[in-house]
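Below is one structure, written out as structure tokens; comments come after it.
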2 protein chains.
Amino acid sequence: MAKTQTTIVDIAKELNISPSTVSRALKNHPDISKKTIELVQACAKRLNYQPNALALNLRLGRNNTIGVIVPEIVHYFFSSIVQGIEEVASNEGFNVMLFRSEESYEKELKITNSLINARVAGVLASLSKETDRYEHYQQIIDNNIQLVFYDRICIGINTDRVVVDDYAGALKAVEHLIETGCKRIAFYSSPTHLEISKNRKNGYLDALRKHKLPVNESLMFVCDTRDAAMELTPKVLAMDNPPDAFFAINDHTATGILRAVKQFGLKVPDDISICGFSDGDLALACDPMLTTVEQHGYEVGKTAAKLLIDKINGVTLGQFTNRIIKTKLMVRGTTRVI
Amino acid sequence: MAKTQTTIVDIAKELNISPSTVSRALKNHPDISKKTIELVQACAKRLNYQPNALALNLRLGRNNTIGVIVPEIVHYFFSSIVQGIEEVASNEGFNVMLFRSEESYEKELKITNSLINARVAGVLASLSKETDRYEHYQQIIDNNIQLVFYDRICIGINTDRVVVDDYAGALKAVEHLIETGCKRIAFYSSPTHLEISKNRKNGYLDALRKHKLPVNESLMFVCDTRDAAMELTPKVLAMDNPPDAFFAINDHTATGILRAVKQFGLKVPDDISICGFSDGDLALACDPMLTTVEQHGYEVGKTAAKLLIDKINGVTLGQFTNRIIKTKLMVRGTTRVI
DNA sequence: AACGCTCTTGCAAACGTTTGCACCCCAAAA
DNA sequence: TTTTGGGGTGCAAACGTTTGCAAGAGCGTT
């Protein structure tokens with residue numbers, strides 16, 4: 001009804017007392033008499049008073065908003081992370097400002113500026129694929145804003161990090177393939193400069209070495225989408241010495257492989273085994289259902305948010321922490337039982 | 001480096017001029033001399049000045065943040081919507097504050113309070129399944145905050161709305177089933193009090209009537225998850241007079257039906273046809289790929305955000321608008337060709 | 001010499017809070 | 001009666017901006 005939102009001054013005028021008294025009364029300050037407190041709080045309720053967070057944050061030089069930079073929103077892993085972040089934040093009384101970098105450095109730059117303008121208390125960030133300079137993140141730190149990286153972390157900047165255990169996840173997945181009888185395991189990966197590509201590749205390689213299998217460069221491909229997998233896979237299967245298993249960097253790619261293999265006339269998992277890296281529900285829609293590595297994005301988000309809020313509240317003293325979230329191999333129908 | 005972020009006053013002191021001059025110089029005010037403007041802007045760059053949005057918004061009584069209430073984040077349709085919103089908002093210079101209601105009325109109440117505290121310029125909301133009172137949304141309006149509902153709209157409140165054309169989508173889907181020879185079409189739906197259930201059911205019913213097929217209550221079920229579908233479907237197939245097609249309220253449910261039908265020993269689409277309502281990539285991972293109704297969440301988000309921002313900017317005069325986003329039938333492998 | 005004009009700059013108030021300090025009043029102690 | 005003291009309240013400054021208004025400088029016109 002009110003053309004403008006009710007303020008402390010409105011209440012003060014209504015009750016013929018000073019704004020400072022109202023302010024104190026609203027928070028049950030011991031200096032204020034019971035009578036006044038009751039009066040003020042009743043009036044506040046009646047006029048539907050809601051404190052102005054803008055004024056409050058300005059005055060107190062703090063902010064109850066945290067910024068989140070995410071490369072993509074429509075993406076199972078990232079949206080799980082956002083959900084984890086939102087949950088922790090809202091429990092701790094923080095609001096979440098969401099930004100999508102769209103895998104672009106330019107956008108990321110704009111976003112970090114917006115975050116500084118908004119004077120957020122902290123930032124949770126995952127690098128875009130394009131990003132290879134980090135001054136804008138240093139600027140965030142220089143502006144006294146807490147910063148925690150998650151998943152696509154930044155090594156160039158001194159700060160806290162939360163990552164998925166890509167190495168161990170890949171190691172376990174490939175070992176599972178080997179233990180169920182696979183000998184020539186192809187690896188479909190994202191561009192090699194990304195940390196996750198490197199780490200998962202190392203897991204893949206170490207699994208091979210551990211089980212004394214030859215490492216074969218001709219079985220390693222850059223291929224990380226469903227469409228690319230459907231195009232590449234028939235060619236790979238037609239090679240002289242084709243693989244008997246595929247390990248893919250994500251489930252989208254794995255579903256592409258699965259479809260291509262079936263179209264090629266081979267049986268999964270009898271002829272060919274397939275293992276993905278989790279993108280969510282997709283794995284259960286496949287036939288057979290996809291063996292994959294669960295990444296626990298929700299945990300990543302929760303952990304990162306907790307870390308950040310602790311830093312904001314000054315709970316954590318001193319050094320930077322690296323948190324690693326464990327992965328879990330979900331064995332389903334695209335790999336054989338022992 | 002600076003313990004605190006640089007302000008206009010810092011620049012003023014540095015240059016021995018007044019803050020007002022700095023403020024004007026930064027925005028190329030014609031009153032200020034070229035020399036001063038250059039001086040100020042150089043100094044601002046050097047000290048890495050970023051305007052304090054808090055102070056600005058307080059002073060100007062405006063806000064460049066919009067709030068988004070979403071029932072779930074990890075959900076293809078809703079995350080598409082959020083992506084659409086984020087895109088439009090960031091193009092128009094608005095920040096997005098994201099809240100998840102978790103399908104809970106209590107949470108929704110807390111969120112609307114937070115939004116009022118934060119003095120956001122506008123709110124985009126989709127009702128939680130639980131919500132059946134709307135005072136908290138009326139309060140948003142009373143506080144002079146623009147409000148637009150999307151998808152799960154609220155009829156009780158006088159405001160703008162953006163919805164998917166559920167009725168037409170369902171109608172077209174069921175007609176497609178009928179035209180490809182199906183005569184007994186089962187309908188798996190969400191709880192019946194939801195608008196989307198009602199609208200899609202009406203589409204389903206009208207398709208049957210239009211083609212002179214009998215309406216059969218025993219073919220309509222409340223079932224809207226993959227697991228529920230896998231449990232219910234075998235029973236339905238074992239009925240005396242089983243259906244020859246299934247129309248499901250979402251793709252998760254459809255994938256459950258598909259799996260159950262195959263396990264039952266029937267062929268899709270030869271014996272049984274299946275049509276879903278789109279949850280995204282899921283449809284492409286199925287075998288055969290799922291025929292489904294594309295909902296264009298991204299469009300919903302973009303449209304709703306545009307509508308809201310127009311209202312905030314006072315572009316739209318007067319009446320409330322209802323925008324309807326068209327659906328599109330994606331014919332794939334779980335239905336027959338004519 | 002007085003006036004009026006333009007160009008540039010600064011003062012001060014305002015947005016809605018919080019909070020250190022001062023103040024008043026009344027009762028109890030001296 | 002005068003001090004002391006404490007409970008209750010208000011003043012004013014501060015957070016970082018913007019902006020209406022005033023004012024000074026410089027210069028040309030009467």
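Reckoned from all heavy atoms, side chains included, excluding hydrogens, waters and symmetry mates. Numbers restart at 1 for each chain; the letters A, B, ... are given by sequence-line order, proteins then strands. Keep in mind the model is a prediction, meaning the values are calculated, not measured.
Put simply, CZ on B:R152 and CG on B:L127 are 8.0 Å apart, with the number rounded to the nearest 0.5 Å.
Counting heavy atoms from C-beta on, the side chains of B:Y105 and B:L109 come closer than 4.5 Å.
A:S104 and A:S101 share no donor-acceptor pair across their side chains, judged by distance under 3.5 Å alone. Looking at B:D160 and B:Q146, their side chains never bring a donor and an acceptor atom within 3.5 Å of each other.
Remark: the backbone N or O of B:R119 is paired with a side-chain donor or acceptor of B:N63 at under 3.5 angstrom. Panel note: side chain B:T159, backbone B:L147; a donor-acceptor pair is recorded below 3.5 Å.
A heavy atom lying under 4.0 Å from DNA chain C marks the following residues of residues 27-44 of chain A, by number: A:K27.
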With a 3.5 Å cut-off and sequence neighbours excluded, list the donor-acceptor pairs that the side chains of residues 68-80 of chain A form with protein atoms.
{"from": "A:E72", "atom 1": "OE1", "to": "A:R100", "atom 2": "NE", "distance (Å)": "3.1"}
{"from": "A:E72", "atom 1": "OE1", "to": "A:R100", "atom 2": "NH2", "distance (Å)": "3.4"}
{"from": "A:H75", "atom 1": "ND1", "to": "A:F77", "atom 2": "N", "distance (Å)": "3.3"}
{"from": "A:S79", "atom 1": "OG", "to": "A:H75", "atom 2": "O", "distance (Å)": "3.1"}
{"from": "A:S79", "atom 1": "OG", "to": "A:Y76", "atom 2": "O", "distance (Å)": "3.2"}
{"from": "A:S80", "atom 1": "OG", "to": "A:Y76", "atom 2": "O", "distance (Å)": "2.7"}

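Across the protein-nucleic acid pair, B:R24 atom CZ and C:dC11 atom P stand 12 Å apart, rounded to whole Å.
Nucleic acid contact class of B:L54 (heavy atoms, under 4.0 Å, all strands): none.
For the OP1/OP2 pair of D:dT9 and a distance below 4.0 Å, the side-chain nitrogens and oxygens of A:S18 include no atom meeting the criterion.
Remark: B:R46 engages B:E14 in a salt bridge, criterion side-chain N to carboxylate O under 4.0 Å.
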Distances for protein N/O vs nucleotides 15-17 of chain C N/O pairs under 3.5 angstrom?
{"from": "C:dC15", "atom 1": "O2", "to": "B:R59", "atom 2": "N", "distance (Å)": "3.2"}
{"from": "C:dG16", "atom 1": "N2", "to": "A:A55", "atom 2": "O", "distance (Å)": "3.4"}
{"from": "C:dT17", "atom 1": "OP1", "to": "A:Y49", "atom 2": "OH", "distance (Å)": "2.9"}
{"from": "C:dT17", "atom 1": "OP1", "to": "A:N52", "atom 2": "N", "distance (Å)": "3.4"}
{"from": "C:dT17", "atom 1": "OP2", "to": "A:I8", "atom 2": "N", "distance (Å)": "2.7"}
{"from": "C:dT17", "atom 1": "O5'", "to": "A:Y49", "atom 2": "OH", "distance (Å)": "3.3"}

